[in-house]
Amino acid sequence: MTRIADLLAAGRTWSFEFFPPKTPEGVVAFDEAVSALAELKPSYASVTYGALGSTRDTTRDLVIRSNQEQAFPFMPHLTCVGHTRGELIELLESYKAGGVENILALAGDPPADGSDPGGDFTYATELIELIRSVGDFAVGVAAFPEIHPRSPDRETDRRYLAEKLALADFGVTQFFFDANDYRVMIEELADLGSEVPVIPGVMPFVSTPGTRRMAKMNGSVIPDALEARLDEVDGDAEATRQLGVAVAADLVSELLDFGVPGIHLYALNRAQSIQEIYAQLGLPH
Ligand code: FAD
């Protein structure tokens with residue numbers, strides 16, 4: 001059973017997210033992290049996709065290879081902004097032929113300079129329809145507990161999210177630091193009649209400036225108490241990593257108390273922080 005929809009129906013999933021490395025050394029580090037984390041027996045893993053197709057071949061090759069090498073499925077992320085229908089059909093056909101059964105369907109970000117990306121797509125829902133027309137994939141989508149940065153308001157964000165989830169099999173969230181943001185999003189979706197499982201994404205961060213930059217980009221609020229702790233460890237790589245583990249472990253623990261359908265950990269192509277979270281919380285593997 002390798003469709004994530006089926007795994008979720010059978011019980012709570014545990015998953016790890018990787019990114020496509022840019023160098024041969026990066027590929028070695030990716031393989032080492034995957035091998036080490038395979039020992040934790042995840043339900044599945046995912047590999048991100050560079051905006052506007054910048055990692056199209058690397059993501060595809062890594063996913064198809066890892067899917068064949070590991071006992072758990074690898075799901076590619078796929079963004080549609082800037083792509084033509086033909087390009088995406090070709091890519092989806094290669095996933096189908098390569099035995100991939102799950103796709104995370106994303107819009108992707110338009111170019112930062114405001115230029116027209118071209119292509120045939122604007123929203124993730126259009127990609128879901130295309131994926132469904134190509135094959136029998138299980139389809140995941142993105143959710144933003146603190147609303148998507150381009151959403152004009154909360155009500156609009158939740159309405160489009162509920163409509164998108166209705167076409168998908170499951171959601172995975174952007175990272176966040178306050179478990180309450182996730183809980184409120186789930187309640188708001190339930191009020192709209194949406195009960196498709198949404199898996200919280202948790203990031204054991206490893207860098208103070210990186211965390212602040214990503215949080216700003218994604219519209220994730222860093223609580224004041226965490227800002228103060230980040231100031232304390234700034235410049236000390238190992239202390240920052242350990243703080244990332246402590247913060248992520250506390251968040252996972254709170255989320256498990258909510259009865260979440262799964263936990264998706266941003267591995268950032270490293271094994272150590274996730275191994276420590278598992279050890280600290282005595283997680284099943
Ligand atoms: P959509 O669901 O299309 O939503 C984008 C915005 O449009 C939202 O504000 C939504 O409310 C609004 N909207 C939706 N439908 C309509 C409509 N019909 N009319 C008007 N407005 C509408 N990016 C990458 O480049 N590569 C990755 O690998 C990647 N992985 C990600 C993984 C996760 C778990 C998450 C949460 C995000 C990821 N992203 C990735 C980021 C994502 O591509 C961006 O956030 C992007 O800006 C939006 O993608 P989306 O799929 O959420 O878009």
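For reference, positions follow the sequence shown, starting with 1. Counting starts at 1 for both ligands and their atoms, in listed order. For the numbers below, each heavy atom of this structure counts, side chains included, while hydrogens, waters and symmetry mates do not.
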Undergrad: List ligand 1 atoms under 4.0 Å from Ala51, heavy atoms only on the residue side.
TA: 25 (O)

Undergrad: What heavy-atom pair brings Leu265 and Ile277 nearest, and what distance separates the two atoms?
TA: CD2-CD1, 4.4 Å

Undergrad: Heavy-atom contacts with Thr173 under 4.0 Å: which atoms of ligand 1 show up? List them by number with element.
TA: 34 (C), 36 (C)

Undergrad: How far is atom 10 (C) of ligand 1 from its nearest protein heavy atom, and which residue and atom name does that atom have?
TA: Ser151 OG, 4.0 Å

Undergrad: Any side-chain donor paired with an acceptor under 3.5 Å for Thr48 and His77?
TA: no

Undergrad: Once ring pair (Phe, Tyr, Trp, His ring centres under 6.0 Å) is applied, what residue pairs with a partner in residues 81-113 remain, sequence neighbours excluded?
TA: Tyr49-His83

Undergrad: Using distance alone, determine whether Ala107 and ligand 1 share an N or O pair under 3.5 Å.
TA: yes

Undergrad: Heavy atom of Phe144 under 4.0 Å from ligand 1?
TA: yes

Undergrad: Short list, please: which atoms of ligand 1 are under 4.0 Å from a heavy atom of His77?
TA: 27 (C), 28 (O), 29 (C), 30 (N), 31 (C), 32 (C)

Undergrad: What atoms of ligand 1 come closer than 4.0 angstrom to any heavy atom of Thr48?
TA: 28 (O)

Undergrad: To the nearest 0.1 Å, how far is atom 20 (C) of ligand 1 from its closest protein heavy atom, and which atom is that?
TA: Tyr123 OH, 3.2 Å

Undergrad: I'd like to know if the side chain of Thr211 reaches the main chain of Ser207, judged simply by a donor and an acceptor atom lying under 3.5 Å from each other, with no hydrogens or angles considered.
TA: yes

Undergrad: Of all the heavy atoms in Tyr266, does at least one lie under 4.0 Å from an atom in ligand 1?
TA: yes

Undergrad: Can you pull out the closest protein heavy atom to atom 47 (O) of ligand 1? Residue, atom name and distance to 0.1 Å, please.
TA: Asp109 OD1, 2.4 Å

Undergrad: Looking only at protein heavy atoms, identify the closest one to atom 3 (O) of ligand 1 and say how far it is in Å.
TA: Ala124 N, 2.9 Å

Undergrad: Does the plane of the ring in Tyr182 sit parallel, tilted or perpendicular to the ring in Phe258? Use 30° and 60° as the thresholds.
TA: parallel

Undergrad: Any donor and acceptor pair, going by atom type alone, linking the side chain of His264 with main-chain N or O of Gly262 inside 3.5 Å?
TA: no

Undergrad: What's the shortest distance from atom 6 (C) of ligand 1 to any protein heavy atom, and which residue and atom give it?
TA: His148 ND1, 4.0 Å

Undergrad: Specify the protein heavy atom at minimum distance from atom 18 (N) of ligand 1: its residue, its atom name, and the distance to 0.1 Å.
TA: Tyr160 CE2, 3.5 Å

Undergrad: Just to confirm my output: which protein heavy-atom neighbour is closest to atom 2 (O) of ligand 1, and how far is it?
TA: Lys164 NZ, 2.7 Å

Undergrad: Ile4 and Val100: same hydrophobic cluster, using ILVMFWY side-chain contacts below 4.5 Å?
TA: no

Undergrad: Is the shortest side-chain heavy-atom distance between Leu8 and Ile199 below 4.5 Å?
TA: yes

Undergrad: Quick one: closest heavy-atom pair of Leu104 and Val172, and the distance?
TA: CD1-CG2, 4.1 Å

Undergrad: Restricting to salt bridge (charged side-chain N to carboxylate O under 4.0 Å, His left out), what partner residues turn up for Arg132, sequence neighbours left out?
TA: Asp169

Undergrad: Less than 4.0 Å is my threshold; does some heavy atom of Gly201 fall inside it relative to ligand 1?
TA: no

Undergrad: So which atom in Leu130 and which in Leu92 form the shortest heavy-atom distance, rounded to 0.1 Å?
TA: CD2-CD1, 4.1 Å

Undergrad: Within the structure, does at least one protein heavy atom fall under 4.0 Å of atom 53 (O) of ligand 1?
TA: yes

Undergrad: Just need the protein heavy atom nearest to atom 23 (N) of ligand 1, so name the residue and atom and give the distance.
TA: Thr79 CG2, 4.1 Å

